[in-house]
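Beneath this line is the structure, given in structure tokens, with notes to follow.
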Amino acid sequence: MNEVSQHPGINASENATDLVMHLVANLTLHPEILRFLVVYLVTPCVLYHSACYLWTMKWLATKDSLSSLPLPDGIMGLPIIGETLHFLFVGERYERRRRKQFGNVYKTHLFGRPTVVLIGEENIRPILLGEGNLVEAVWPETTRRILGTNGIVNGDKNTHTKIKRLALRAFSPKFINKYSPVMISRIESHIKEWQSRDSISVFEACTQMVSKTMMTVLLGISPDDPDIQRYIQAEEDIVNSILCLPIALPGFSFYKGLKAQEFIFKKVETKLRPRLESSVEDDLSDEKSGAESVMVNILKLARAEQKTIITLENLQNLSLEFIFAGSQSLRCSSSLLMLHLSQRPQIIERLRQEIREVGLWDTPLVNLQHENFNKLPYLCRVVNETMRVTPTIPGAIRVALKTFQVGKYQIPKGWQVIYSIRFTHEEAAGKILHKEDKTRFEPEKDLHDPENEITDNNIDGAKSKASSFSFVPFGKGARMCAGKNYGLLFLRLFLFQLVRSVDINLVTKANIATSPMMRAHKSVKIAVKPYNE
Ligand code: HEM
């Protein structure tokens, strides 16, 4: 089919012209009524559809003429804003509709750029393996201003490689057990506190648990710090300011984000400047190496490599990225884990049975290491299943560095590419995943993928090349989640302690918010009561 004739804007403007002709030819209306109709109805209609037509033509003209392949089917939406408002406000339903209309590769216009959305293992593979060659991660200007350009997310290629490598090492299996005592004590104290209430608002409760843990593990800030709620609010403000209008005036999200950034940067500086200014010898001779915050470990790892120079700005940017990318993802995933389990007592029973069978039931949480989870495959699968059915981050954005082919289509240089995690999981499962249908949560399935284990990950994504792309809650390749090991360990420890100590029951509807991230809706409440064997 010809691309121009497919566009509804074009069809609609032809229809509008037909309508005018028809009215003029067949109706004898009072001239005043006719004038009214032409001025207030027909003219705006024709102008609107002409604008949509020109907008579509503008983007069709950016097709790479050196490639014989067509652009994907799709709708470019309204002039200037494209389909951004649909994407932000209609969210998942909008994406589902477009997928039904146009399939697993379709074009649209989002966040100021012509965009191709990709779904399915085969279509997303070239994107995840093509970082720096076919595509690069580019974030909106607001994100660059808030997170800075000297860390993993917005740094140039060299900065990304340098800082990401250090971050991956600081979360490697060798280091990760050093953070678990803090995770464990936060998890235990929160689960204990939840039992004293009739019910908890699950997302709010998980926010407190995850954020307080994160502040201590990442930055060494005590959960009893009088400013702790300010940190949590700062996290919220940063997350809300990432994709917003760049208006730096009081009351606007972007302004709040800048203030939150200032607050966190100052704290990081207070914590890390003495370390940066201490001599390398002092630092490396520190016996407590590894028992410290992630940021201090990253600084030490850089110094140990001698030729790697890391600045305060790198560390400040990285802290914010961990807060933005890590804290929010983990709050959402923890809330979804609780939500799924609160409706499935039989899964809780099976988890208990597994823990008893391997002799870990009476093991104090404090003695638990990440290696213990090798003996608990069902528990690990429940965590995986939560991320498969309800992936917290529904997709990620890239920009094409050159024109390339996906399926039978071309993706022109400069176009934005979104790979969908949510719909890739759904495609692999062959069904709608997160509806409140109890049969959809199937931890019995083995999603075993070595990359979704607590392992060393290298920055070039070499391992990814051989692995599957049908289960990608953490992404894959060079841009794979830097905190994957932290995320997995936290969720496993949380689940372990939850089923050992309490019964959980849903007391409201099981609503799931899907945009911009998937999480238990703020209205969801769960009753947490002591488990009596
Ligand atoms: C269950 C929890 C988590 C999930 C589901 C998750 C998922 C993801 C996904 C899908 C990406 C984007 C990959 C892409 O662009 O292709 C990502 C990136 C990232 N995540 Fe996570 N994440 C989680 C936890 C964490 C934690 C705890 C941290 C840090 C402590 C973290 C730090 C990061 C960073 C820094 C990036 C950017 C990586 C890059 O651009 O190279 N994440 N994560």
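All ligand and atom numbering here is 1-based and tracks the order in the structure.
- Between the choices Ser333, Gly155, Ser327, the shortest heavy-atom distance to atom 1 (C) of ligand 1 belongs to Ser333.
- Between Tyr94 and His86, the two ring planes are tilted [angle within 30° to 60°].
- Within the protein, the N, O or S atoms sitting under 2.8 Å from atom 21 (Fe) of ligand 1 are Cys481 SG.
- For ligand 1, one of its N or O atoms has an N or O atom of Lys164 under 3.5 Å away.
- Heavy atoms of Ile421 approach ligand 1 to within less than 4.0 angstrom.
- Nearest to atom 29 (C) of ligand 1 among the protein's heavy atoms is Phe322 CD2, 3.5 Å.
- By the 4.0 Å heavy-atom criterion, Arg398 is counted among the residues contacting ligand 1.
- For residues 481-496, the salt bridge (charged side-chain N to carboxylate O under 4.0 Å, His left out) pairs, not counting sequence neighbours, are Glu453-Arg492.
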Got a list of side-chain donor-acceptor pairs under 3.5 Å for residues 468-476, not counting sequence neighbours?
| residue | atom | partner | partner atom | Å |
| --- | --- | --- | --- | --- |
| Ser468 | OG | Ser470 | N | 3.1 |
| Ser468 | OG | Ser470 | OG | 3.0 |
| Lys476 | NZ | Asp449 | OD2 | 2.6 |
| Lys476 | NZ | Ser467 | OG | 3.1 |
| Lys476 | NZ | Ser468 | O | 2.6 |

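- Figure legend: cation-pi geometry between Arg519 and Phe203, with NZ or CZ positioned under 6.0 Å from the six-membered ring centre and within 45° of its axis.
- The protein heavy atom nearest to atom 39 (C) of ligand 1 is Ile152 CG2, 3.4 Å.
- Ring pair Phe263/Tyr231 is tilted by interplanar angle, where 30° to 60° counts as tilted.
- Nearest protein neighbour of atom 5 (C) of ligand 1, counting heavy atoms only, is Pro473 O, 3.7 Å.
- The shortest separation from a heavy atom of Phe171 to ligand 1 is under 4.0 Å, placing the residue in contact.
- Here His160 has side-chain heavy atoms under 4.0 Å from ligand 1, and that is the only part of it that gets that close.
- With a 4.0 Å heavy-atom cut-off, ligand 1 is reached by the side chain of Tyr419 but not by its N, CA, C or O.
- The protein heavy atom nearest to atom 27 (C) of ligand 1 is Tyr486 CD2, 3.5 Å.
- Ring-centre distance between Phe490 and Tyr179: not below the 6.0 Å cut-off.
- Not close to ligand 1: Glu321, with no non-hydrogen atom less than 4.0 angstrom away.
- Taking Glu313 as the reference, nothing meets the salt bridge (Lys or Arg N to Asp or Glu O under 4.0 Å) condition, with sequence neighbours excluded.
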